[in-house]
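Every heavy atom of this structure was used, including side-chain atoms; hydrogens, water molecules and symmetry mates were not.
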There are 2 protein chains.
Amino acid sequence: MKERPVTLQRRLLLDILREAQGHLDARELYRRAVEKDPRISMATVYRNLHLFKELGLVDERRLNKVYCYYEIKRSTEHYHLVCQGCGRVIEFESPAVTKVIDEVKRNSDFDITRAVLYLEGYCRMCKEKVEN
Amino acid sequence: MKERPVTLQRRLLLDILREAQGHLDARELYRRAVEKDPRISMATVYRNLHLFKELGLVDERRLNKVYCYYEIKRSTEHYHLVCQGCGRVIEFESPAVTKVIDEVKRNSDFDITRAVLYLEGYCRMCKEKVEN
DNA sequence: TTAAGTGCAAAGGCTTTGCAGCATA
DNA sequence: TATGCTGCAAAGCCTTTGCACTTAA
């Protein structure tokens with residue numbers, strides 16, 4: 001494996017991602033990073049997000065938005081629920097997804113490496129707003 | 001409902017989408033449209049894709065790519081399998097997905113309007129290439 | 001006739017890249 | 001010291017928008 005220097009910027013970005021405990025987009029990650037290191041640049045954010053992804057440290061998710069969300073990879077697989085009203089993103093786990101994957105594996109010649117699932121809808125608050 | 005003139009461009013774009021029987025991105029849709037009408041512009045493609053989406057005629061899918069795929073809406077729900085080797089996109093249906101949705105509905109306060117699921121992996125051909 | 005759509009070109013928004021200087025190992 | 005990273009600014013891409021002209025109804 002190639003040597004990768006541990007720079008201050010990398011440490012900072014990973015710390016923020018870990019602290020965030022959830023999906024951040026590049027812009028938000030940058031915003032938080034600048035608070036601690038005003039000299040950090042957007043290019044560094046993007047370059048390191050790509051690196052982290054390559055190293056398997058973070059997951060990149062495109063929740064039907066223009067930009068991506070990034071989050072520290074965790075041991076348990078989880079999926080997302082996106083509220084179309086307020087944009088809130090909620091995570092959930094679902095053993096039933098495994099069944100879907102198995103079903104597809106049986107019926108196709110694909111080697112499945114990743115399942116991307118997200119559900120769109122309205123959370124309780126936004127649902128009520130729409131009804132009134 | 002608002003009056004919507006049926007323009008030549010709209011007819012052409014819908015025809016292409018219908019013929020395609022699957023996911024096209026804006027660029028490819030434009031490429032095919034230009035063959036029949038060299039004067040059509042990319043702006044028209046985008047404007048009409050938005051319109052079709054709004055009218056519920058097409059579905060917009062972001063299969064973890066920079067751009068979106070568009071496809072004519074069909075009666076049966078289906079999902080996508082994307083090969084990370086060659087980029088091929090294969091559609092599949094899965095009743096098991098319904099179970100996942102029901103599960104989430106029961107466990108959350110969300111009103112779910114749409115499920116986005118796609119699986120990534122390697123098709124048989126690409127799998128073999130990787131192994132050799 | 002007239003409201004709506006189209007083409008063109010320019011601008012937007014997110015992301016990538018070239019390059020010179022800087023930092024890690 | 002040498003390879004690799006950073007900041008900056010410019011460029012790339014996909015998508016949207018302003019405006020004058022054209023078209024469907």
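Contacts of A/K36 classified as side chain to side chain contact (heavy atoms under 4.5 Å, CB included), with partners at least two apart in sequence or in another chain: A/L12. Take A/E54 and apply the side chain to side chain donor-acceptor pair (under 3.5 Å) test, not counting sequence neighbours, and it matches no residue. Partners of B/C123 according to the side chain to side chain contact (heavy atoms under 4.5 Å, CB included) rule, which considers only residues two or more places apart in sequence or in another chain, are A/F110, B/C83, B/C86, B/R88, B/M125, B/C126. Applying the ring pair (Phe, Tyr, Trp, His ring centres under 6.0 Å) rule to B/H78 yields the partners B/H80; only residues at least two apart in sequence or on another chain are considered. Every side chain to side chain contact (heavy atoms under 4.5 Å, CB included) that A/R106 has, sequence neighbours left out, goes to A/D102, A/E103. B/E19 pairs by the side chain to side chain contact (heavy atoms under 4.5 Å, CB included) definition with nothing, not counting sequence neighbours.
In this entry the distance linking CE of A/M42 with P of D/dG12 reads 20 Å, nearest Å. Put simply, CD on B/E60 is 16 Å from P on D/dC14, counting in whole angstrom units. Atoms CG (B/D37) and C1' (C/dC8) sit 15 Å apart, rounded to a whole Å. Rounded to whole angstrom, the span from the CG atom of A/L49 across to the P atom of C/dT17 amounts to 15 Å. Straight-line distance from the CG atom of A/L55 to the P atom of D/dC5: 10 Å, rounded to whole Å. Rounded to a whole Å, the CG atom of B/L29 is 15 Å from the P atom of D/dC14. Going from atom CG of A/L13 over to atom C1' of D/dT6 covers 12 Å, rounded to whole Å. Regarding B/N48, its CG atom lies at a distance of 13 Å from the P atom of D/dA24, rounded to whole Å.
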All N/O contacts under 3.5 Å from nucleotides 9-14 of chain C to the protein, with atom names and distances to one decimal?
| from | atom 1 | to | atom 2 | distance (Å) |
| --- | --- | --- | --- | --- |
| C/dC14 | OP1 | A/R27 | NH1 | 3.4 |
| C/dC14 | OP2 | A/R27 | NH1 | 2.7 |

Contacts under 3.5 Å, N or O only, protein and nucleotides 21-25 of chain C:
| from | atom 1 | to | atom 2 | distance (Å) |
| --- | --- | --- | --- | --- |
| C/dA25 | OP1 | A/V6 | N | 2.9 |

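With salt bridges taken as basic N to acidic carboxylate O contacts below 4.0 Å, one links A/E28 and A/R31.
For A/R39 and D/dT6, the shortest distance from a side-chain N or O to OP1 or OP2 is not below 4.0 Å. Regarding contacts with the backbone of C/dG7, a side-chain N or O of B/Q9 is found under 4.0 angstrom from either OP1 or OP2. Between A/S41 and the phosphate of D/dC8, there is no side-chain N or O to OP1/OP2 separation shorter than 4.0 Å.
Applying the salt bridge (Lys or Arg N to Asp or Glu O under 4.0 Å) definition to pairs two or more places apart or across chains, those involving residues 90-101 of chain A are A/R74-A/E91.
A 6.0 Å sphere centred on CZ of B/R27 holds no more than 12 heavy atoms belonging to other residues, nucleotides or ligands.
Among the atoms of the strands shown, base atoms are found under 4.0 Å from some heavy atom of A/R47.
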